[in-house]
Amino acid sequence: MPGIYIHIPFCSQACHYCDFHFSTSLKIKNRVISCINKEIKLKKTYLKDPLIESVYFGGGTPSLLSSKLINKILSSIRSSYKLAQNVEITIEANPEDISKNKIDNWTQMGINRLSLGVQSFRDSDLKYMNRSHNCNQIISALDLLISSKIDNISIDLIYGFPQLTDSFWVDNLNKAIKFNVQHISCYCLTVEKQTPLYHFIKNGTAKPLNPQQGASQFLNSKEILKNNGYIHYEISNFSKPGFESVHNRNYWNRSHYIGIGPSAHSYNGTSRQWNLSNNTKYCESIENNRSYYNVEILSKKNIINEYILTNIRTSNGIDLKSLSSYMNNDEYKRFKNKMSELMQSDFLTIHKDKLLLSEKGMLFADSISEDLFII
Amino acid sequence: MKNNQKLIRNFCIIAHIDHGKSTLADRLLEFTGTISSRDLQNQLLDDMELERERGITIKSRAIQMAHQHEDILYTLNLIDTPGHVDFSYEVSRSIAACEGALLVVDAAQGIEAQTISNLYLALENDLTIIPVLNKIDLPSAEPDLIKEQIIDLLGCQKSEIIDASGKTGQGIKNIIAEIIKKIPSPKGEKSKNLQALIFDSVYNPFRGIEAYFKVINGSISKGQKVKFFSTNQEYFADEIGTLKLNKEPKDIIQTGDVGYIISGIKNASEVKVGDTITTVDNPCLEPISGFEEVKPMVFSGIYPVDTDDYEELRNSIEKLQLNDASLTFEPESSIALGFGFRCGFLGMLHMEIIQERLEREFNMIVINTVPNVSYLATTKKGEEIQINNPSDFPSLDKIEIVQEPYIKAQIITKSDFIGAVMNLCIEKRGVLTSQIYLTTNRVELSFEMPLAEIVFDFYDKLKSLSKGYASFDYQPDGYKTTHLVKLDIMLNGEQVDALSSLLHRKHAYEIGKKICIKLKDLIPKQQFDVAIQGAIGSKIIARETVKALRKDVTAKCYGGDITRKRKLLEKQKKGKKKMKQIGSVEIPQSAFLAVLKLND
């Protein structure tokens, strides 16, 4: 079932590794939110199936917004779409924005899942990343959240950067586990071009990343979280049984989605479109009823490749029966050949007609997808 | 038009690449009304896409203009010349078909090596030279200085040099007038038996080969039975004519004039540049002098990346050969690459052009192996063998003597770079034979050096150490004794025959090390370590390791990441199609030519 993603393109300060679209200037905040509300209406006919299973406030930093503005957006959504009974409504939040009052407001308006941008429990790491919070703020925020009505809490953690030794990383994991949160996302730090970190590494003021460290910390997380009752359901995502993110799972099982706000992506099964990633240009286009997005029509091959790319990352794997129905004989033959090659070298395994990454394979998910692609 | 021998002017343009030959030619065609400016494609004479991009004329063309001068109608034949060092023989035949030449020099750049060697060729053939200072409109033009250079070279008067600009059209009228006034009409005799000089040919997929010729003596008529002297093949002159913007069929081409002949020839190798056409009924006794069989100088293996494409590759090369007789090929096989062809080229540029044309025109993705020159070896048993392929090289204990081809090379550069250029040429086993100052700060250096040295890594070095201010030209100059060794490359212990190269003993260690380092850069990380070793005989001389890839996985793959990631991986996958799997190691095309790019 489809989902709605709302991109809130504002942050109080810029994390050094982040290449998502955001602005630290809040001057046109209200204007952007009205445009978001307008876009919600504009996209009303985008989906064939209008029953929404998940709403996700991402960013940027949605927790920067007042509860009033969040509520306004949710009301717009409710007046244009039908939300399922058990709809998952997630908000991404920074620890310093969490207060009892905010949590109460959020739960009142139906938000039932919170994803907290922790990244690390060590102040020196937070400084390295240029995060806007410190460790004490994380602890306070988590204490408040644990005792709140929200019973689906997720924590983001980052690993694989030079100053984070394996034992520091294990400490971070154990701290998260101690709070008994339902969901943990562990992201290996990636140096994206056009980020401050990229330039620091290039000009020698920051150390380059060591892929070996990323690999070993990935394996650490997998083992420790598994031993503590978390299911590894996607490369970077772990949850207690039944707490997999509905919203993110939808991206991987080709459910359709609407993305609202600057730079957000939408998908309807045959094409994908993405909004302008400039706040002012986005607003101007929305306000003047001009085109505010680019569209890509997906070819059959594109769709197959996306299926491979996303499903291979999940614990559900690739359903071979369903995949073969998308491919012609020749394509499926080539796919099978590559597949058996990769199975022989122990990158892939098959379990009940599902093609899955082996533990070793998880470290090479991209090259494996590429090998399996149809071009 | 009445064909009067006295009213014919045959001329070519001698110019360095980029000195504006093509634009100037366009202006001449426009001025004489041969083409209207409306249908003037820029640089009409270079009509291959590749040539335009590279800014050089690879195959020559001819075009005829009619021009009324002082109430008399003249016929002007412009014979275009190829503009690269690999094609010096073709240039010499084009020049031999002319009575005059425009010496076109860029008013900002001055005279370059190729201009000089072509000018010498023109002077040897007694051509009348009309000096033209082109691009006179450029702000950086130094007309006085460059004119001094021209005067030094030609011994002409300053007033004889025409200021011109292909861009603005300045001087064009003057050039035409001088061509008519100064260049003599062709000398030949109408009454003699036919002797026509073939100076070029092109392949027409519908009609076969069109050969371009100049009638030296006698005349050629439509339907006549003709004979090509060197091949002794006979044909009917199905169609003859002159070359305007399009071909214009004629019944007869008279003494001194330039034309084309179509006689159903399917294969370019039957039409040799420099050959003589005569009639079967009244043949001339002697061919026109100066004919040579063009021999390939540089050899390289060409293999399909996908072994299934072997037959298609053969078809493609055969088709290329139809219009490029200087390309030779024969089947060979490699343990690493499977079945392919050993191809012979005139030089490095020619090799690059063929590789590009295979990709562009035939959509063939190929691997070129390390090129080498053709060596002559005498074994201890007294056998003489020609070595065009490193894998044919016998073990050293069986060899008595090896000879390698030499060239005479000319380099013109600014005096600031003399030291650097000399060092390079000496390092490349060159011997300086002369050093001539053309002006106070331009010098011509001549060397004798092994051809093999310009195959490996020479042009790029020359270009970078002279900051682009060096021009180069060469002519083949026989064989000399040498000391060769074969360098082998092993990947994870497995010898890759396609990466072997023949090197002079003096450089083998150093180059071997550099090749291994370069391969380390070029071979992408794989899921295991790749050991690269260089060996001479059984001795390992260099070792590098491409460390295994530790991880390759995107951290986040959500709504906004999917398109970007898919596109990236699809693009990478397409790139990998150009890689060759050897054993378990994937090697990109470029790695096979690593030896050529050691300084990048």
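Note on naming: letters A, B, ... go to the chains in the order of the sequence lines (proteins, then strands), and numbering restarts at 1 for each one. Everything quoted here is computed from the prediction, not taken from an experiment.
Taking the centre of each ring, A:Tyr233 and A:His183 come in below the 6.0 Å mark. Centroid-to-centroid, the aromatic rings of A:Tyr159 and A:Trp169 come within less than 6.0 Å.
Ring-plane geometry between A:Tyr292 and A:Tyr282 is classed as perpendicular, the angle between the planes exceeding 60 degrees on a 0 to 90 degree scale with a lower cut at 30.
Side chain of A:Ser255 to backbone of A:Tyr251: no donor-acceptor contact under 3.5 angstrom is found. Between the side chain of A:Asp19 and the main chain of A:Thr195, no donor-acceptor pair closer than 3.5 Å is present. Of the possible polar contacts, none joining the B:Gln589 side chain to the B:Ile367 backbone as a donor-acceptor pair under 3.5 Å is found. Side chain of B:His350 to main chain of B:Ile353: no donor-acceptor pair is present (N/O by atom type, distance under 3.5 Å, no hydrogens or angles).
With a threshold of 4.5 angstrom between heavy atoms, A:Leu298 approaches chain B through side-chain atoms but not through N, CA, C or O. The part of A:Glu192 that comes within reach of chain B is its side chain, from C-beta onward, which places non-hydrogen atoms under 4.5 angstrom from that chain. For a residue to count as touching a neighbouring chain, one of its non-hydrogen atoms must lie under 4.5 Å from one of that chain's; by this rule A:Ser367 touches chain B with backbone and side chain alike. Using a 4.5 Å cut-off between heavy atoms, B:Leu549 touches chain A through backbone and side chain atoms alike. Contacts of A:Ile258 with chain B are absent, with no heavy-atom separation under 4.5 Å from either backbone or side chain. Using a 4.5 Å cut-off between heavy atoms, A:Tyr267 makes no contact with chain B at all. Interface remark: A:Phe218 contributes no atoms to any contact with chain B (heavy atom separation under 4.5 Å). Neither the backbone nor the side chain of A:Tyr5 comes within contact range of chain B; no heavy atom of the residue lies under 4.5 Å from a heavy atom of that chain. Contact of A:Glu306 with chain B is made through backbone and side chain together, with heavy-atom distances under 4.5 Å.
Interface check for chain A: of the options B:Gly560, B:Cys557, B:Gly559, the most heavy-atom pairs under 4.5 Å are formed by B:Gly559. Most heavy-atom pairs under 4.5 Å with chain B, from the set A:Asn305, A:Asn302, A:Ile368: that is A:Asn302.
B:Glu570 pairs with exactly one of B:Lys573, B:Arg566, B:Lys567 by the salt bridge (Lys or Arg N to Asp or Glu O under 4.0 Å) rule, that one being B:Arg566.
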